[in-house]
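Everything below concerns the one structure shown next.
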Amino acid sequence: MTSSILTRSPLSEAPTRRRAPATRWYPYLLIAPAALLVLVFLVYPVGSVFYYSLQHYNITQPWADGFAGLDNFIAMGQDPLFWRSLVFTGQWVLVEVALQFVLGLGLALLINQTFVGRAVVRSLVFSPWAVSGILTTTIWILIYNPSTGVGRYLAEVGLVPFGTSLLSGAGTTFWAVILAELWKGAPFFAILILADLQSVRTELYEAAEVDGAGRIRKFASITWPHIRSAVVIATLLRAVWEFNNVDLLYTLTGGGPAGSTTTLPLYVAQTAIHDRDFGYGSALTVVAFIILTVFSVVYLRVNRFGRDDA
Amino acid sequence: MKRRSNLPEPRSRMAGRRARSAIAAFALGAVTLGAAGCAAPSPADDENIVLELWDTDTRPARAENLEKLIDMFEAENPNITIEYLGLPTDSYMQKISTAIATNSTPDLLTPKASDIAALVAQEALASLDERFEEGGWGDEIDPSMVESSKAASPDGSLYLTPATSLADVIYYRPDLFEAAGLDAPESWDDFFADAVELTDPATGQFGYTIRGGAGFFSQFVQMVYPQAGIDTFFLEDGTSTLDDPAVVEATQRYVDLYRKATAESDLTADFKVMVAQFGSGSTGMLSHSVGSYPDHVKALGADAVAAVVPFPSEDGEYVLTGRMTTGFAMFEASEHQDAAWKFLEFTMSEEGNSFWAEASGYIPGNLAVQSEPWVAENPAIAVAAEAGSSPDATVLQQPFHLPEFNSITSTDMLPQWQAVLQGDLSVEDFLGDAAEALTDAQQRYLASQ
């Protein structure tokens with residue numbers, strides 16, 4: 001009986017209608033513009049990078065162009081600049097994202113409180129994020145300028161010799177560029193975390209207080225679980241962006257001194273754009289692409305992002 | 001260093017590459033522009049012609065001078081209009097390479113001598129030999145500049161008009177020397193002693209500014225090769241002289257100036273920073289070309305700037321550096337090569353050459369202009385010209401003909417140079433690695449000839 005009902009449902013009895021040949025193409029036509037854009041602006045560029053990574057393609061030496069097989073990747077293994085840039089990229093991403101997260105979280109918790117002038121403080125906190133990259137570096141170049149910036153003031157009070165630049169000292173360059181990027185990047189975390197914090201129901205905190213929970217317990221049991229997804233996605237985005245950082249480092253230090261602030265993407269820029277060796281530059285880009293893809297997948301899986309129990 | 005080396009191969013591969021580039025260029029053009037361009041027919045002589053000129057330097061004073069030069073030319077050639085576009089010094093080759101790949105090059109360009117090899121390798125520039133000879137310019141232009149211009153190209157042809165030239169000098173501040181009771185330096189020993197003597201870290205006064213950042217190689221060559229008394233980059237078999245014991249010794253002496261007579265921040269100093277430091281009055285001496293003299297005069301006044309040419313070596317060898325042609329070129333793809341050549345001729349003519357060289361602080365290529373009073377009145381050019389006319393002097397030509405020259409001397413050598421200044425790498429290791437790379441490049445070049 002049951003099966004009869006199921007098989008004789010109105011839906012199954014409806015006459016089968018064949019689409020007219022013209023209308024059968026409608027869905028494909030509708031997605032065609034988007035598919036074309038993806039093909040032209042995503043598939044083709046990425047595919048061409050993979051293609052050129054297997055070629056000798058240096059536009060200053062066209063006579064040597066041709067299929068390279070894995071030559072570019074083998075050369076990479078023996079290239080000290082590649083390994084050094086890779087190690088620095090790891091340090092840069094780890095330290096930068098960690099500091100941005102801690103500072104961004106602190107700022108978000110602070111400006112989530114109720115106090116007089118909160119709107120102004122929030123605007124000030126977010127303002128570095130709104131500043132363009134080139135303006136950010138200009139500001140920090142002036143700050144670090146040995147003649148007019150902080151170096152001169154430190155020299156005048158006798159803390160450092162005249163002519164000292166934080167961007168050229170062996171022990172100061174890394175932290176000088178970290179600070180500049182931290183100034184710009186921390187507000188990003190603050191914005192995302194604050195947006196999530198504002199959706200936490202206050203009743204939860206009130207109930208926790210009734211149960212005798214302190215600040216740390218409330219943060220661990222209510223706040224952190226609530227903002228965890230936002231933190232995961234924000235750290236992933238920042239890690240990818242910091243990995244790909246070229247503008248600030250290029251304009252602030254040019255990757256120096258002695259290659260000490262050259263990230264892998266900056267090395268790609270030097271190789272492909274300055275040296276015009278697009279074959280080797282493409283191979284470097286392919287490696288960067290693979291590293292980022294693997295990192296993103298592993299990071300999201302480890303953090304169980306998108307799962308209900310996450 | 002890192003990348004593979006290949007000998008030149010048949011042009012069939014190049015043809016394939018160019019075909020693919022053409023397809024890519026078409027696709028890019030179709031997507032970004034939405035319409036394919038139409039080739040214009042060659043205009044008649046009296047037809048209005050618009051030429052496009054890309055300048056590889058955007059300093060405001062230079063742009064102003066170049067626009068004046070264009071105005072002068074247009075006044076004499078009313079049917080030709082030149083549209084000027086300034087490209088940033090640190091990224092102009094990126095735009096030019098894109099233009100070549102997409103067949104959208106301008107008509108005229110102001111390439112540096114070090115760019116010629118790369119542009120010729122892409123078959124982008126038009127050879128000027130025939131027009132130069134037919135125009136009788138061989139009698140009008142300084143032969144050493146013609147030779148220097150041809151030496152910058154891998155095939156020995158003329159692509160860059162020998163309109164003007166640079167030359168290396170050492171600028172110094174007479175007022176600071178006088179205050180310190182010092183005479184103008186006349187030898188390398190004087191120079192090194194004066195640099196230390198003029199330095200007073202407590203007041204932020206330094207005797208010299210060393211170029212530790214981008215473009216360091218020019219100053220390095222200027223301060224090392226004349227000291228060593230070596231007048232060639234390569235021996236006949238293509239072996240680089242960069243690790244010659246005399247060069248190593250001279251380099252060590254030069255490196256020892258860092259922090260002893262320079263600011264620590266010089267580790268990353270580029271051309272702009274060096275010139276700004278000298279202009280601010282905190283530096284006693286600066287190595288640079290004659291081309292920056294107008295900037296120094298503007299910043300300090302003519303009385304506060306003097307110049308000497310890098311000195312002969314201890315054994316009396318007189319090596320001159322930085323004699324680099326700074327002219328104009330035209331693209332092979334230009335549809336108005338006759339009109340473009342007219343402009344190139346104007347820059348070599350007495351009228352155009354005189355204005356452009358004086359305004360830019362360059363040594364004029366036109367022999368008649370070299371006798372004009374202003375040349376002797378510019379102290380930087382005067383000492384450079386005097387040195388150039390010395391029978392004992394030899395001009396050191398940098399190997400701009402090597403396509404790898406830029407990548408070796410910047411991407412590969414710059415980080416190592418900064419490591420040397422920081423004391424993390426020995427001068428011997430630094431020069432040994434660089435000499436090996438340059439030797440490889442030169443020997444490949446010789447094998448392909």
Side-chain angles (χ1 to χ4, degrees), chain A residues 40-41 44 48 55-68 71-72 74-76 78-82 84 144-148 151-152 155-156 160-170 173 253-260 262 267 270-271 273-280, chain B residues 1-11 13-14 16-18 24 27 31 91 93-94 97 100-101 117-118 121-123 201-206 212-214 262-270 276-277 280 282 403-404 406-407 410-412 414-419 421-422 424-425 448:
Chain A
V40 170
F41 292 110
Y44 174 73
S48 69
Q55 304 285 319
H56 289 305
Y57 184 26
N58 183 331
I59 59 175
T60 67
Q61 301 169 50
W63 54 81
D65 290 349
F67 183 66
D71 281 4
N72 288 325
I74 292 167
M76 214 181 296
Q78 301 161 345
D79 180 359
L81 296 179
F82 164 70
R84 190 166 56 186
Y144 291 143
N145 186 298
S147 302
T148 57
R152 180 163 192 90
E156 282 176 354
V160 297
F162 278 96
T164 299
S165 168
L166 297 176
L167 289 175
S168 57
T173 308
T253 67
S260 62
T262 301
Y267 186 42
Q270 287 171 349
T271 304
I273 295 172
H274 181 269
D275 298 348
R276 285 152 274 174
D277 188 347
F278 289 101
Y280 192 65
Chain B
M1 302 191 183
K2 63 192 186 292
R3 279 153 267 176
R4 88 280 178 264
S5 56
N6 286 353
L7 289 173
E9 294 181 10
R11 290 199 171 256
R13 282 187 177 174
M14 252 179 83
R17 175 73 54 197
R18 293 179 77 81
V31 169
S91 62
M93 278 304 286
Q94 182 185 351
S97 297
I100 293 169
Q122 297 172 81
E123 299 178 349
T203 59
Q205 183 73 48
F206 298 99
T262 76
E264 184 192 5
S265 59
D266 280 3
L267 185 66
T268 51
D270 61 6
Q277 276 187 16
S280 72
S282 64
E404 302 93 333
N406 274 335
S407 64
S410 53
T411 304
D412 295 343
L414 177 59
Q416 294 195 337
W417 169 245
Q418 292 175 330
L421 292 177
Q422 287 178 317
D424 295 334
L425 181 68
S448 68

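These numbers were taken from a predicted model, which means no experiment stands behind them. Both backbone and side-chain heavy atoms feed into the values below; hydrogens, waters and symmetry mates do not.
Put simply, the side chain of B:Thr268 never gets that close to the backbone of B:Gly213: no donor and acceptor are under 3.5 Å apart.
At a 4.5 Å heavy-atom cutoff, the contact between A:Arg84 and chain B is made by side-chain atoms alone. Of the two parts of A:Ile59, the backbone and the side chain both hold a non-hydrogen atom closer than 4.5 Å to a non-hydrogen atom of chain B. With a 4.5 angstrom heavy-atom cutoff, A:Pro146 touches chain B only via side-chain atoms. Using a 4.5 Å cut-off between heavy atoms, B:Ser282 does not touch chain A at all. With a 4.5 angstrom heavy-atom cutoff, A:Leu167 touches chain B only via backbone atoms. For B:Ala202, the part lying near chain A is the backbone, with the side chain staying farther off; criterion is any non-hydrogen pair under 4.5 Å.
No other option in A:Ser260, A:Ser165, A:Ala258, A:Ser48 has as many heavy-atom pairs under 4.5 Å with chain B as A:Ala258. If you tally non-hydrogen atom pairs under 4.5 Å between each of B:Leu267, B:Asp266, B:Thr262, B:Ile100 and chain A, the highest count goes to B:Leu267.
Between A:Gly256 and B:Gln418 the shortest heavy-atom distance is CA-OE1, 4.0 Å. Counting all heavy atoms, side chain and backbone alike, A:Arg276 lies closest to B:Asn406 at NH2-ND2, 4.1 Å. Nearest heavy atoms, A:His274 versus B:Ser410: CE1-OG, 2.7 Å.
A:Tyr280 and A:Asp275 share no donor-acceptor pair across their side chains, judged by distance under 3.5 Å alone.
How far OG1 of A:Thr271 is from CZ of A:Phe82: 11.0 Å, rounded to the nearest 0.5 Å.
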